[in-house]
Trainee: 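Once you've had a glance at the structure underneath, I'll fire off some questions.
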Amino acid sequence: MKEELAKRYEPATFEQRIYQMWEKGGYFTPEADPEKPKFSIVIPPPNVTGRLHIGHALVNTLQDIIVRWKRMSGFNTLWLPGTDHAGIATQMIVERKLNEQGISRFELGREKFLERVWQWKEQHSSEIKDQLTRLGASADWTRERFTLDEGLSRAVRYVFVKLYEDGLIYRDLAMVNWCPRCQTAISDIEVEFRERNAKLYHIEYAVEGTDQKLTVATTRPETMLGDTAVAVHPDDPRYKDLIGKNAILPIVDRRIPIIGDAILVDPEFGTGVVKVTPAHDKNDYETGMRHNLPQIQVIAEDGRMSAAAGPRFENLDRFEARKLVIELLRESQQLAKIDDYTHSVGVHGKCDTDIEPMISRQWFVKIEPLARPAIEAVRSGAVQIIPQTWESTYFNWMENIHDWTISRQLWWGHRIPAFHCANGHTTVTMDEPQTCPQCGAPVQQETDVLDTWFSSGLWPFSTLGWQGAGADDAPDYRTFYPTDTLITGFDILFFWVARMIMFGLRFTGKAPFSQVFLNGLVRDEQGQKMSKTKGNVIDPLDVVQEVGADALRFTLAISASGRDIPLGKSRIQGYSAFVNKIWNASRFALMHIDVELKDAGPIDRDELKTVERWILSRLNAATADVNRYLSAFRFDEAANTLYHFFWGEFCDWYIEMVKPVLLGKHGHDDDRRTAKRVLLEVLDRSLRLLHPFMPFVTEEIWQKLGGVEPAVIIAPYPIAEEVLEDPEAERLMKAVQSMITTVRNARAERGFTPKDRFKLYVKSNQPREANFFREYGYLLVELARLTEVVVEAEPPAGTQQDVIEGFSIAIEFPVKEISPEQIERTKREIEKTENEIASTEARLANEQFVQNAPAHVVDGARTRLAELKARLEKLQQNQ
RNA sequence: GCGGGGUUAGCUCAGUGGUAGAGCGUUUCCUUUACACGGAAAGGGCCGGGGGUUCGAAUCCCUCACCCCGUACCA
């Protein structure tokens, strides 16, 4: 090797250089060739609202691991990146920035405002790209997309028009979730419920023409101003005689009917009397429809009271109005009582404002015909959800799904392709009509835009060039659709994943992906949600700067079992030590390897020593495991396998074992050459295996190995080979390792230091194994720090005896007092062995066990019993 | 209310029928020329409680308790 590795592992010195090398090499950019075996995946497009957080780091690391693994495994691999315009969220942020400058969007007007949002978008989508780059995301930036791109917008428009023509999109006056702050309708799933401590107000309504009073309870007294009825249960003996009479609405003094309604009223609950406000409550709205009640809208779209609420309330904020209503009721002595009350309140998830149910004309998607095939796709296995437990959540939601409110009273988004004329005609079309096709009057386009998720629902195909029927021959679409895997957070299963499945099936005839992996939420060490207010946020870029992208990626991967991930700095520190270990072990190897990979030639297995056969066998097992785990999205197990192989077997044992040969203390030149060849082999394969998890450090090191391929990113991913399996080598090396551990243990227990050396006696029954220990005794001498290993001789009296993996061993200590701890320990060891002998004997004495248990379990127990007895005998001699 | 998940070493979590595991933390020893972000060793668990199935249960079934998430409703 000409080049050596830097003495210290400093990721900042090479990560960005490596990324540029990959990008220049074009490794992220696959050809649009439908003939090649492909693997494709689309990114869950981050919102162009700001910086990426740790959750983005997780989901994109997991995608990149799969993508790199597939690419190295020979697939024509596409990872398509991009961003989402995120209607409400982005508009909100830009609006807030403007407000800080004292400008309102209404002053600017739609055109100018949108210009500002586009500026924001340009800046942030390039920042997002930079951040993903720093993480090592091997996405094809030449195919980057944005949900408002021309092509994607055409796809959106096509889908809208087609659904409208098919009768699956309709416009209607309905009770919707209204956000008074954002002044737009939102869909049901955008409403989040918050538990809140509130008050339950009991208000007395006089019954007209009697002395009777009806007491209603409400948490929202301000809506009382819009009451148009009072409802009781039709069979309730307390009130049923009152049905048909009128109540007098306090403050307003309006006569409202007392109605009987079995659906709205539960006689068991509260007072059994319900006030009915059809304009501001979903259930009341439906009751109003049943009873033909007038709807009086007392709260306007901005959350202030309307003129209909009366002059004292008009323009008052709805919460101020509540106070005033209470005050007035108290004055007129119509407030019976106020109770403390805990209930959940619907708020807009994006801005935390209390949702106001409002009657409004909106556009809807009739969802049931779309949901049915989407349910079937998961049920049939065409789409597999992993971990599978999410499937029941999916079914539960999809089977109870409601129509989807898709219109938003925003400016930032895809404008609905509907055109209205003054005569009330509406035209929905792909074109830009100037006049109404029905009456010839001039038309104006609908000002509402579509829900962001409408366009993200098309993402897996709109990004590949699909723009509707007759235009689906785009090369990327033909090559890469349907995609293979989707990796995303479980929190957008309904928002996004379900919609993609529904739209994909409807418009492409295929499920947009065959596997969905849902990753957990990244939380802090205590399992708390990360949030700015709690101050427990970990910024992925800070971590990259501190310990490198590889340490962050590996930590995320090894933590990702599908459940939530408690992430703390100490955990990341722990795995950054592993990256450091890889660096240093590679540095050691490179000091001794003197031939480049491309010139190394194949390994002649006949020349291999047991140690080399052992490490290749272990490596092979790890290779099989990693591939298997990655196929099942067990990122944690895959990473764990590599961690333990590389650190626990390669570094702690193999490197220590070949040191005597490499350093010329043992063996001949031929042995040294073979050892170097195998060292190179194991390092090469390990780096390839690790590459998807830690792309930067593996590439930096691998570049020094002189491989045939220009970069490890496109080197073939190792697959297990049967020829490398060697159970015999594994058995013998396990025995050697256990002996070494036993000697080290005994040394420490007897109070000796590592400098004190002893003689070890090893005995076996088979001559071949005796030869093994004669040949490899040097391993025991070096690693257990012995004076010598004596094979097949009777140990003298007074040595410490034991049985390890079926071999009798004896350690000859220089005369030194046996510590009380050691005596105690031996005693405990004997006791433990006796107990296990007793329980094993009991098991074997049980005829049921011998008859019913599988043969290998019974045999195992017998072998174990023999070993235990042999061991007990030796241990007793130590007393 | 309905649905799902959790309860295993001090902490965070793996482990779906055959003798309890990892990382971090703790204790002790060691600066051996890849690495002190290191090496070696130790201690630590009636696998939430109870019951059942089985030759055998952390693992399967029932039940109780506590915690988390989703969803519906809440006058």
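All values derive from a computational prediction rather than experimental measurement. Each chain gets a letter, A, B and so on, in the order its sequence line appears, and its residues count up from 1.
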Trainee: If you measure from the C1' atom in B/A72 to the same atom in B/C11, how many Å do you get, rounded?
Mentor: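 One C1' to the other, the span is 37 Å.
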
Trainee: Pick the C1' atom in B/C60 and in B/A75, then give their distance to the nearest Å.
Mentor: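 Approximately 46 Å lies between the C1' atom of B/C60 and that of B/A75.
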
Trainee: What's the gap between B/U16 and B/C2 when it is taken at their P atoms, as a whole Å value?
Mentor: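 Their P atoms lie roughly 30 Å apart.
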
Trainee: Under a 3.5 Å cutoff on both atom distances, Watson-Crick or G-U, what's the dot-bracket for RNA chain B ([ ] crossing, | other strand)?
Mentor: ((((((((.[[[[.)..(..]]]].(((((.......))))).....[[[[[..)....]]]]])))))))....

Trainee: Judged by each residue's nearest nucleotide on RNA chain B, which is more toward the 5′ side, A/Arg8 or A/Arg587?
Mentor: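 Nearer the 5' end of the strand: A/Arg587.
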
Trainee: May I ask you to verify if any side-chain N or O of A/Trp647 is less than 4.0 angstrom from the OP1 or OP2 atom of B/A34?
Mentor: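 Checking B/A34 against A/Trp647, no side-chain N or O comes under 4.0 Å of OP1 or OP2.
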
Trainee: B/G44 and B/A9: how far apart are their P atoms, nearest whole angstrom?
Mentor: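 That atom pair is separated by 14 Å.
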
Trainee: Using atom C1' of each nucleotide, how far apart are B/G6 and B/G48 to the nearest Å?
Mentor: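 That atom pair is separated by 11 Å.
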
Trainee: Taking atom CG of A/Asp284 and atom CG of A/Asp227, what is their separation to the nearest 0.5 Å?
Mentor: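 Between atom CG of A/Asp284 and atom CG of A/Asp227 there are 7.5 Å.
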
Trainee: Assess whether a salt bridge exists between A/Arg196 and A/Asp354, defined as any Lys/Arg side-chain N lying under 4.0 Å from an Asp/Glu carboxylate O.
Mentor: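 A salt bridge links A/Arg196 with A/Asp354.
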
Trainee: B/A14 and B/G45: how far apart are their C1' atoms, nearest whole angstrom?
Mentor: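 So the two C1' atoms sit 15 Å from each other.
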
Trainee: Does a side-chain N or O from A/Asn852 land closer than 4.0 Å to OP1 or OP2 of B/C55, or not?
Mentor: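 For B/C55, OP1 or OP2 has a side-chain N or O of A/Asn852 closer than 4.0 Å.
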
Trainee: Do A/His233 and A/Asp266 pair up side chain to side chain, a donor and an acceptor below 3.5 Å, judged on atom types alone?
Mentor: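 Judged by distance alone, the side chains do not pair up.
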
Trainee: Under 4.0 Å between a side-chain N/O of A/Arg864 and OP1 or OP2 of B/U19, yes or no?
Mentor: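 For B/U19, OP1/OP2 do not have a side-chain N/O of A/Arg864 under 4.0 Å.
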
Trainee: Within the pair A/Arg634 and B/G15, is there a side-chain N or O less than 4.0 Å away from OP1 or OP2?
Mentor: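 Yes, such a contact exists.
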
Trainee: Hey, does the side chain of A/Asn745 come within less than 4.0 Å of B/A42's phosphate (OP1/OP2), counting only N and O?
Mentor: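 So the side-chain polar atoms of A/Asn745 do come within 4.0 Å of the phosphate oxygens OP1 or OP2 of B/A42, strictly under.
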
Trainee: Counting just side-chain N and O atoms, does A/Lys665 come under 4.0 Å of either OP1 or OP2 of B/U32?
Mentor: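 For B/U32, OP1/OP2 do not have a side-chain N/O of A/Lys665 under 4.0 Å.
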
Trainee: Have A/Lys275 and A/Thr277 got a donor and an acceptor in their side chains that come within less than 3.5 Å?
Mentor: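 On atom types as modelled, these side chains qualify, holding a pair under 3.5 Å.
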
Trainee: Check this for me, if you would: do A/Arg587 and A/Glu700 make a salt bridge, where the nitrogen-to-carboxylate-oxygen distance has to be below 4.0 angstrom?
Mentor: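 A salt bridge is absent here (no side-chain N lies under 4.0 Å from a carboxylate O).
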
Trainee: Using a 4.0 Å heavy-atom cut-off across all strands, classify A/Ala853 as base, sugar-phosphate, or nothing.
Mentor: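 Here A/Ala853 touches the bases of the nucleic acid.
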
Trainee: Using the P atoms only, state how far B/U33 lies from B/U28, rounded to an integer number of Å.
Mentor: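 My reading of the P atoms in B/U28 and B/U33 gives 24 Å.
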
Trainee: Just by distance, with hydrogens left out, do A/Arg220 and A/Thr223 show a side-chain donor and acceptor under 3.5 Å apart?
Mentor: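 No, no side-chain donor-acceptor contact under 3.5 Å.
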
Trainee: With sugar-phosphate meaning primed atoms plus P, OP1 and OP2, does A/Lys755 contact a base, only sugar-phosphate, or nothing at under 4.0 Å between heavy atoms?
Mentor: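 Result for A/Lys755 = sugar-phosphate.
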
Trainee: Side-chain N or O of A/Lys659 versus OP1/OP2 of B/A34: is the shortest distance under 4.0 Å?
Mentor: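 Checking B/A34 against A/Lys659, a side-chain N or O does come within under 4.0 Å of OP1 or OP2.
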
Trainee: Counting only side-chain nitrogens and oxygens, does A/Ser586 get under 4.0 Å of the OP1 or OP2 atom of B/A34?
Mentor: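 So the side-chain polar atoms of A/Ser586 never come under 4.0 Å of the phosphate oxygens OP1 or OP2 of B/A34.
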
Trainee: For the pair A/Phe646 and A/Phe650, name the ring-plane relationship: parallel under 30°, tilted 30 to 60°, perpendicular over 60°.
Mentor: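 It falls in the tilted class, 30° to 60°.
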
Trainee: Could you measure between the two P atoms, the one in B/A36 and the one in B/A20, and give it in whole Å?
Mentor: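 That atom pair is separated by 38 Å.
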
Trainee: Going from CZ on A/Phe554 to CD1 on A/Ile582, what distance comes out if it is rounded to the nearest 0.5 angstrom?
Mentor: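 If we round to the nearest 0.5 Å, A/Phe554:CZ and A/Ile582:CD1 are 7.0 Å apart.
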
